[in-house]
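Structure first, commentary second.
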Amino acid sequence: MTDAGAAADCARFAPPDERIRPGDAAHYVPGQPDMWVFVLVEALIFASYFVIYMLHRVQDPALYLRSQERLNAGLGVTNTLILLVSSWFMARCVQSSRERRYDVAFRQVLFTMVLGLLFIGFKLIDWSRMVSEGLELSTNEFFSFYYFLTAIHVLHVLIGFVFLIVAAYQLRSPLRRSQEIVETCATYWHMVDFLWVMIFALLYVIR
Amino acid sequence: MRAVAVQAAPVLPSGLFERLAWHWRYNPKLEFWIAWYSMVFFYNLFGVVFVGMTRVMPPPQPWWDTPRVVQWFNDNHNGLLVGFGIIFLVSGLTAACNALIGYSMRRMSVSRAFAYSYIAIYSVSALPGMLLTAIALTVGAMRPERDPELIYWLYDMGFMCFVGTMGIFLIGTLVWMIAILIDKNRVLPKWFGYLNICNLITEFVVATSWVFKKGVFAWNGAIAFWVDTAVFAVYTVAFIYLLRKMIKREDFGDGPLPA
Amino acid sequence: MNRDDGELLLFWLVPVLGVTWLVAFLVFPGFVHPMSPTMSAEQVAAFYRDPENLPRIRYSMVVFNWFCIALIPFVSLIVMQIRRMSHRTPILQYCYLGCLTGGPVLFFIANLFWLLAAFRPERRPELTQMFNDLAWVTFTGQVGFLVAQCVFLALAIFLDRQARPVFKSWVAHFNLLIAAALAPASFVALFLTGPIAWDGFLSFWVRNSAIALWIVVMTLVLGKNIYERRREAGIAR
Amino acid sequence: MTATSERRLLTILLVLSAITLISWWIGAQHGQGEFRLNGPVTFGVLLIATVKVRLIIGEFMEARHAPRLLRRVADAWLALLVSSLLAIYFIGAGFHT
């Protein structure tokens with residue numbers, strides 16, 4: 001599908017006062033631009049964490065490799081797939097809401113939430129298994145980074161639930177249904193997803 | 001009975017003192033500007049004292065042994081005592097900053113409860129934010145002949161109070177964030193509302209300094225101190241600028257004062 | 001009972017509490033002849049161990065612990081006066097409100113350090129001395145909120161531009177004078193002897209008399225305002 | 001519209017999942033016993049992560065319809081991050097071989 005096609009489609013389904021016009025599809029920022037400013041700041045903060053992690057990793061790669069063997073990579077992959085699917089539901093939710101199929105969109109945001117809860121559930125299982133094996137925040141440098149990065153990420157997931165609830169609340173009643181707010185919430189949720197993709201690569205799979 | 005006869009403001013004169021006198025007499029936004037300049041003055045002074053005079057920022061090492069800590073106090077003896085004396089003197093200016101922020105919430109389409117809880121929370125913020133630190137380090141520097149173990153304890157108290165006190169700023173920031181995001185009067189932009197999330201998360205990040213004495217999560221670590229301080233600096237500069245914009249936008253005219 | 005009667009109750013608390021503050025101040029043996037910062041750790045420990053002193057330290061500080069926070073309702077009455085002033089914004093009122101907890105709460109912390117020092121005077125003398133230092137530095141040096149409070153009130157009075165201002169302008173000048181008298185005490189830790197030291201002329205005598213004078217004068221002008229307002233309201237009724 | 005955009009999003013999801021599994025597979029032990037320092041694996045894994053992040057931003061977040069500035073900033077962030085990570089990794093690895 002080309003961009004022009006997408007724009008035409010958007011125009012067909014969009015209400016008359018919608019900001020999308022066939023011609024300016026290439027100039028359309030999804031959601032509030034304010035959220036994108038936030039995403040940029042968060043991306044920079046996390047980038048600094050990742051660079052600091054890498055700087056420490058190269059000083060003692062043997063320790064990091066040895067510690068990585070103790071991680072449950074299967075659970076890491078599962079969680080990555082869960083977040084990807086949740087993101088997919090959220091992206092579809094934005095589409096459905098744009099096409100004014102609000103009931104479908106509402107169901108999709110609920111699925112997103114369920115998958116988010118599943119992600120946190122697996123994370124808790126992972127943490128409790130590691131703690132029971134004696135691997136804690138202060139065990140060594142790698143596990144400090146591991147617990148720190150995953151915990152800060154889970155904190156973002158928890159904040160993400162607030163955004164998902166806002167989106168669900170918007171979709172629920174015909175009195176609200178602001179497409180802009182739904183897109184803003186979706187943007188936050190996808191940020192949580194792509195940050196996890198980097199965390200997954202850096203903690204679980206690089207050698 | 002109480003209303004003062006309306007006086008037309010004369011044109012702004014030239015010359016610094018004449019201008020200041022004119023503003024004092026006729027500027028309808030004088031109350032705002034007093035609070036705003038107090039805030040700017042305070043944050044600048046805070047930077048000068050904490051970075052330049054007392055050497056508390058960037059913080060010294062948490063893993064130093066006792067003699068090294070005593071030496072740190074001896075090296076900075078006068079800087080600590082004079083610097084924190086200044087901080088003791090001007091600590092009340094934080095109230096001006098909080099008042100301005102509280103006012104921004106009163107202009108929003110939110111309950112007064114937001115402004116009141118912010119002012120209530122932040123009226124004690126100076127205590128964990130800087131005064132406990134200043135008291136502990138002042139007492140540490142005051143008597144170089146004190147038992148080194150006690151100086152060491154005061155050192156820990158000073159820096160952990162500085163870096164590791166979180167709740168007031170966490171909940172205060174949360175209150176302001178919610179107010180900005182649900183506000184319909186567009187008093188402050190939404191991106192700043194979201195930026196509050198970043199500031200709020202730094203308060204979670206610094207909790208690691210209670211666990212680590214070395215490395216990136218210690219009280220002078222790259223993550224627990226440097227990244228957090230960078231976020232806080234961006235946040236502070238942003239709100240100082242946005243509050244200025246808010247004041248400029250206020251339209252009071254120059255009519256008679258309310259009785 | 002109407003709204004203003006409640007204010008009267010808060011107002012008449014002040015003289016009653018003022019007496020307890022004065023009594024507690026005189027009972028504490030460290031205030032009558034202010035303790036010298038040059039005392040050695042052993043001397044400080046001996047001061048707290050002295051069976052003459054120990055009960056007086058404990059009971060006076062317990063009384064302060066009960067009643068020092070009671071300054072806040074009094075200062076809240078001043079906030080009510082600022083509210084009546086002819087300002088364009090509530091900013092100065094908020095500034096004043098933000099300062100109001102700082103002073104008493106910091107005194108409260110100094111009070112805790114004194115009580116802790118007196119709790120186990122048999123402790124190592126160095127520890128007792130450290131608590132004593134923390135108490136005196138917190139008590140003497142923490143004038144920032146009081147200074148700011150005086151300056152904000154002075155500004156509020158100056159900007160109260162109406163035919164009959166709430167406070168006369170001498171009250172503003174008086175508050176600025178008090179602020180100036182309090183200011184030197186913030187550098188208390190810089191010297192162990194001389195006027196700035198915590199038993200010195202500026203940091204002890206001038207600072208504490210200024211606070212006492214401020215409470216007395218502000219009580220009087222506040223009382224005058226409250227009663228005048230009631231009288232006027234009575235005539236109007 | 002519905003069908004095309006649904007199909008497009010589904011394709012993206014399948015691609016993302018598939019390369020996630022691939023990156024897991026190339027990072028696995030492959031019967032070697034213990035993890036070793038491995039430049040090509042790290043390079044491959046970070047490259048796959050880059051592709052994934054770019055797909056999420058472009059497709060799920062719909063940045064491909066966004067103004068050029070936004071796309072440029074997103075790409076610049078990603079490029080800067082991954083190239084500094086790789087640079088640190090390979091310069092650091094030089095000291096350990």
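Since the model is a prediction, treat every value here as computed from it, not as a measurement. Every chain is numbered from 1 and lettered A, B, ... according to where its sequence line falls, protein lines coming before strand lines. Note: hydrogens, waters and symmetry copies are ignored here, and every other heavy atom, side chains too, is used.
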* To do: Measure the shortest side-chain to side-chain distance between B:I223 and A:F145 over non-hydrogen atoms and say whether it is less than 4.5 angstrom.
  => yes
* Residue among B:F217, B:W226, B:F204, B:F192 with most heavy-atom pairs under 4.5 Å to chain A -> B:F217
* Heavy-atom distance under 4.5 Å between the side chains of A:V37 and B:Y194, does that happen here? -> no
* Structure fact -> Most contact-rich option vs chain B, by heavy-atom pairs under 4.5 angstrom, among A:Y147, A:Y188, A:F163, A:W36, is A:F163
* Euclidean distance, B:K213 NZ relative to A:S138 OG, rounded to 0.5 Å -> 9.0 Å
* Asked: Are more than 12 heavy atoms from other residues, nucleotides or ligands located less than 6.0 Å from atom CZ of B:R186?
  -> no
* Shortest non-hydrogen contact from B:V205 to A:F148? -> CG1-CE1, 3.7 Å
* Check: A:H156 and B:I201 side chains under 4.5 Å, non-hydrogen atoms -> yes
* Asked: Which distance, rounded to the nearest 0.5 Å, do you find between the CG of B:L181 and the OG1 of A:T184?
  -> 10.5 Å
* To do: Evaluate whether atom CZ of A:R172 has more than 12 neighbouring non-hydrogen atoms of other residues, nucleotides or ligands under 6.0 angstrom away.
  => no
* Kindly check if the number of other-residue, nucleotide or ligand heavy atoms within 6.0 Å of CZ (A:F111) is above 12? => no
* Portion of A:S144 that has a non-hydrogen atom of chain B nearer than 4.5 angstrom -> both
* Asked: Can you say whether A:I159 sits under 4.5 Å from chain B via the side chain, the backbone, both, or neither, judging by heavy atoms?
  -> side chain
* **Considering all heavy atoms, the nearest A:F38-B:L195 contact** => CD1-N, 4.4 Å
* Under a 4.5 Å cut-off applied to non-hydrogen side-chain atoms, are B:V227 and A:I52 in contact? -> yes
* Flag side-chain contact, heavy atom, 4.5 Å: A:L137 against B:F212 -> yes
